[in-house]
Amino acid sequence: MSQSDWDKNAVMQVIDSLKDKPGAMLPILHGIQDTLGYIPKGSVPLIASALNVSRAEVHGVITFYHYFRESPPGKHTIHVCRAESCQSMNGTGLEAHAKAKLGIDYHETTQDGNFSLEPVYCLGNCGCSPAVSIDGEVYGRVTPERFDEILDEVRAQA
Amino acid sequence: MSIKVYVPRDSSALSLGAEKTAKAIVAEAGKRGLDINLVRNGSRGLFWLEPLVEVETANGRFAYGPVKPKDVDGLFDAGFLEGCSHRLSLGLTEEIEYLKKQERLTNARVGITDPVSLEDYLSHDGYRGLQNALKLTPAEIVKQVTDSGLRGRGGAAFPTGIKWNTVLNAQGDQKYIVCNADEGDSGTFSDRMIMEDDPFVLIEGMTIAGLAVGATKGYIYLRVEYPHAHKNLNTAIAAAEKSGYLGADICGSGKPFDLEVRLGAGAYVCGEETSLLESLEGKRGLVRYKPPLPAIKGLFGKPTVINNVISLASVPIILDKGGDYYRDFGMGRSRGTLPIQLAGNIKRPGLIEKAFGITLRELLYDYGGGSATGRPIKAVQVGGPLGSFVPESQFDTPLDYEAFAANWAVLGHGGVVVFDDTVNMAKMARYAMEFCAIESCGKCTPCRIGSTRGVEVMDKIINNQDRAKNIALLRDLSDVMLNSSLCALGGMTPFPVLSALNHFPGDFGAE
Ligand SMILES: NC(=O)c1ccc[n+]([C@@H]2O[C@H](COP(=O)([O-])OP(=O)(O)OC[C@H]3O[C@@H](n4cnc5c(N)ncnc54)[C@H](O)[C@@H]3O)[C@@H](O)[C@H]2O)c1
Ligand SMILES: Cc1cc2nc3c(=O)[nH]c(=O)nc-3n(C[C@H](O)[C@H](O)[C@H](O)COP(=O)(O)O)c2cc1C
Ligand code: SF4
Ligand code: FES
Ligand code: FES
């Protein structure tokens, strides 16, 4: 068998520490994604056998939820809010700007591997629309100019 | 003596740079050798003023805002710590009109305390509701909640006391309290603010619910988009456990109650209660058929109270001051207060907790100050993505569940999203269909297929193809979705679609 390109021990550790919780599936999937940034296809059989369900069921759960991903993300993940409140403050213009600036569409990662772009439907920051979040930090009243500044800041962080 | 300076840690304040402001204040005070005690409070919910910084003075808390790092030096020069006059001075916080006119019952501590300090919570009337509840029988607790007139704040407005009574009387070796913290609606953030800015009040409310129905375990199903709420809830839960407010023996009563936060994964439909329960059980979030109601067969098949964050966070004050106290606020069958969230294209967005009965016009102009862009307000969407668009001619409608229903509109979770006259309502109708298609759980055809068809039909209408025919088709499609969807995602998407069409026919090509 070829060496897998993801850390099986880390996955097993997550599974073992959570599998006895009632309704352990989502906590395990979160645990794996928190650790590796995504849920490798090869981890599906491990989860299935630990929870005593079919692989198809695990796969079904992963694909049902927008948040879970099966491929590694870029170094930083940008979520742009597409929902109504942000639309009312030129969120659609911001979306177009973000895509053009990064040269990618939603669910894609820039060539240099720095940024992944995802849509999100409300960040609870509707009092400061339009909003984006980068690696979980929310930014409000994001004009296209401010978007560029924030990107530079994030890049500079390392 | 060190002087208390408050800089919010609420994520909306952080989204406008509160962290940098806090650092600048600490650095500047250090440079000047001034002794300050920095408290990271929640937000007062006056977002156009964030980062809103407060200083404790002899007369009360004194506010400045919005304070950027570059303002800090000048503020100190002007006498920042004494409550000085300065371009950014707002006077005593409690005297700010927007705040002063509110009736903050559920949000009594929001923005005032350090959210994760149990000491702060206790010194601001925290856990008084639980202390009272511990002296009552389960039926007496339920009666207080029933008497308060509280109706589910998640949107459906079902009487909370009646729901609890069903669970109290249901047979089960195990019962659960589940808090619906999925807050998926655009334009809403009051659940988030409670969880970030006063998490103990939710914990207390859930503990009281446990005592009321005989449940020993609670789950908070939190949307993954709220990492700060996650952190604060877990910190507060740990503190409550340590001090005996959660765990095997609540306040020495011998009664147990445990609480755990579980994260969602970005599915809007998982806010629907049965989809949420499926998700908690580790499955795809497919909506269940009702009956059985969750109150009878809920989480893992056991009797379950499932309530919205605000419903549960309103329970402590009801048990503290009595059902009658709460009931005295409001109008008609809408009793108590509603945390209204004013959002979108509005000059002064924010959290406004008021008794039911205030009108949209008061909210939009007296509180909100009109649109942010200065253009006329064309429409507001109330009650989230499944709520109707309300035109100016209905702005005098009071916020009341029945008054909204009479206009074929939805009060829902109290989110108000404002649009100026540049909005194209046909595009908003298309978006509503698109959102339904993206978020549909796929279990029933009217929603799964209907929403996709709806997007196609809207595209044709927008592109001026056979408009009359396609508008008739849109009405038919909406009718089917309204009448034969399994849950309110498919069943209520016609609200934004048809309200847009009926109130703004011009945007759909009518002469
Ligand atoms: N807050 C949000 O983010 C958000 C998002 C989408 C929709 N919504 C709202 O959700 C609403 C629809 O919710 P729903 O489909 O759950 O409504 P529903 O009317 O089916 O149920 C309302 C609540 O009452 C309970 N209930 C009903 N009869 C009962 C009885 N006899 N005994 C005990 N409990 C009983 C239900 O179990 C449920 O908890 C919409 O009106 C919309 O406003 C809110
Ligand atoms: C598609 C859909 C999404 C929902 N999302 C939420 C939500 O995010 N938060 C919430 O409290 N209720 C939501 N609800 C309503 C819940 O189904 C349920 O009525 C509520 O949690 C009951 O609590 P309450 O009685 O305290 O309001 C949603 C309903 C539907 C149909
Ligand atoms: S209406 Fe839509 S979301 Fe609701 S059960 Fe049907 S397919 Fe699922
Ligand atoms: S709609 Fe964008 S943050 Fe809520
Ligand atoms: S998910 Fe059941 S129809 Fe496809």
Side-chain angles (χ1 to χ4, degrees), chain A residues 19 21-31 33-34 47 51 53 57-69 79 81-92 118-133 135-142 146 150 153, chain B residues 11-12 14-16 45 47-48 50 183-189 191-193 223-229 260 262-268 270 279-286 299-300 341-345 349-351 372-373 381 384-385 415 417-420 423 428 431 435 438-439 441:
Chain A
K19 69 176 192 312
K21 275 179 178 290
M25 180 80 82
L26 265 73
I28 287 176
L29 296 177
H30 273 295
Q33 186 155 314
D34 284 349
I47 303 167
L51 296 182
V53 297
E57 192 165 338
V58 178
H59 181 71
V61 174
I62 295 172
T63 51
F64 181 86
Y65 295 95
H66 303 300
Y67 177 79
F68 294 133
R69 51 184 306 147
H79 282 94
C81 179
R82 284 199 70 210
E84 291 89 339
S85 174
C86 290
Q87 288 179 37
S88 78
M89 292 298 282
N90 190 33
T92 3
E118 298 290 336
V120 69
Y121 297 88
C122 195
L123 291 161
N125 198 30
C126 329
C128 313
S129 290
V132 306
S133 88
D135 305 331
E137 272 317 307
V138 180
Y139 299 83
R141 289 191 217 132
V142 184
R146 179 129 197 270
I150 297 167
E153 271 178 41
Chain B
S11 55
S12 276
L14 295 176
S15 86
L16 299 174
F47 294 130
W48 76 101
E50 290 288 2
E183 193 163 68
D185 280 4
S186 166
T188 67
F189 43 79
D191 295 352
R192 178 184 65 68
M193 289 185 72
R223 69 198 302 253
V224 68
E225 291 84 356
Y226 286 177
H228 292 282
E260 191 180 328
R262 288 286 178 92
L263 288 180
Y268 177 77
C270 285
S279 184
L280 263 183
E281 290 180 10
K283 303 178 211 150
R284 295 189 296 157
L286 294 187
L299 186 62
F300 303 115
Q341 302 124 89
L342 194 53
N345 195 331
L351 178 78
T373 45
Q381 188 177 28
V417 176
V418 183
F419 295 85
D420 73 11
V423 69
M428 297 315 296
Y431 173 81
F435 182 71
I438 294 169
E439 300 297 337
C441 86

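Lettering follows sequence order; numbering is per chain, from 1.
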Item to check | Closest heavy-atom pair and its distance - B:Gly266, A:Tyr67 | outcome: N-CB, 4.1 Å

Checklist entry - Between the main-chain N or O of A:Gly124 and the side-chain N or O of B:Arg192, is there a donor-acceptor pair closer than 3.5 Å? => result yes

Checklist outcome for this item: Highest number of heavy-atom pairs under 4.5 Å with chain A among B:Pro227, B:Gly187, B:Ser11, B:Gly184 belongs to B:Gly187

Next on the checklist: I need the A:Cys122 SG to B:Tyr226 OH distance, nearest 0.5 Å.
Outcome noted: 5.5 Å

Next on the checklist: Would B:Phe189 and A:Cys128 count as a side chain to side chain contact (heavy atoms under 4.5 Å, CB included) here? Give the steps.
Outcome noted: CA-CA 11 Å; B:Phe189 43 79; A:Cys128 313; over 6 Å; no

Item to check | Atom group of B:Asp185 that falls short of 4.5 Å from chain A, counting heavy atoms | outcome: backbone

Next on the checklist: Only pairs of heavy atoms separated by less than 4.5 Å count here; which of B:Glu260, B:Arg223, B:Met428, B:His228 has the most with chain A?
Outcome noted: B:Arg223

Checklist outcome for this item: Scored by heavy-atom pairs under 4.5 Å with chain A, the best of B:Ser12, B:Pro349, B:Gly415 is B:Ser12

Item to check | Gap separating the CZ atom of B:Phe435 from the CZ atom of A:Arg82, nearest 0.5 angstrom | outcome: 10.0 Å

Checklist outcome for this item: Under 4.5 Å to a heavy atom of chain B? For A:Val61 that would be both

Item to check | Per-residue contact mode, B:Glu183 against chain A (heavy atom under 4.5 angstrom) | outcome: neither

Checklist entry - For A:Tyr65 and B:Gly285, which heavy atoms make the closest approach, and how far apart are they? => result OH-N, 3.5 Å

Item to check | Nearest atoms (heavy-atom pairs only) where A:Phe64 meets B:Ala267 | outcome: CE2-CB, 4.1 Å

Checklist entry - Which bit of B:Met193 comes within less than 4.5 Å of chain A, counting heavy atoms only: side chain, backbone, both or neither? => result neither

Item to check | Part of B:Leu280 within contact of chain A (heavy atom distance under 4.5 Å) | outcome: backbone

Item to check | Heavy-atom proximity to chain A below 4.5 Å, by part of B:Gln341 | outcome: neither

Next on the checklist: Between A:Gln33 and chain B, with a heavy-atom cut-off of 4.5 Å, which part of the residue counts as in contact: side chain, backbone, both or neither?
Outcome noted: neither

Item to check | Option that, when pairs with chain A are counted at under 4.5 Å, heavy atom only, ranks first among B:Val224, B:Val423, B:Val418 | outcome: B:Val224

Checklist outcome for this item: So CZ of B:Arg262 and NZ of A:Lys21: to nearest 0.5 Å the spacing works out to 5.0 Å

Item to check | Ring centres under 6.0 angstrom apart (B:Tyr268, A:Tyr121) | outcome: no

Checklist entry - If you tally heavy-atom pairs under 4.5 Å against chain B, which of A:Met25, A:Arg146, A:His30, A:Glu57 wins? => result A:His30

Item to check | Note, B:Phe419 side chain near A:Glu84 side chain (heavy atom, < 4.5 Å) | outcome: yes

Checklist outcome for this item: Honestly, the part of A:Pro27 sitting under 4.5 Å from a heavy atom of chain B is side chain

Checklist outcome for this item: Okay, B:Thr373 and chain A: the region with an atom under 4.5 Å from a heavy atom over there is neither

Item to check | Any donor-acceptor pair under 3.5 Å from A:Ser88 side chain to B:Asn345 backbone | outcome: yes

Checklist entry - So what's closer than 4.5 Å to chain A heavy atoms on B:Thr188: side chain, backbone, both or neither? => result backbone

Checklist outcome for this item: CG (A:Leu26) and OG (B:Ser279) are apart, to the nearest 0.5 Å, by 4.5 Å

Next on the checklist: Under a 4.5 Å cutoff for heavy-atom pairs, which residue among A:Glu137, A:Gln87, A:His79 has the most contacts with chain B?
Outcome noted: A:Gln87

Next on the checklist: Which one wins on heavy-atom pair count under 4.5 Å against chain A: B:Pro385, B:Ala229, B:Ala372?
Outcome noted: B:Pro385

Checklist entry - Is it the backbone or the side chain of B:Leu351 that comes under 4.5 Å from a heavy atom of chain A, or both, or neither? => result neither

Checklist outcome for this item: Of B:Gly344, B:Ala343, B:Ser186, B:Ala265, the largest count of non-hydrogen pairs under 4.5 angstrom with chain A goes to B:Ala265

Checklist entry - Nearest 0.5 Å, what's the CG-CZ distance between B:Leu16 and A:Arg141? => result 4.5 Å

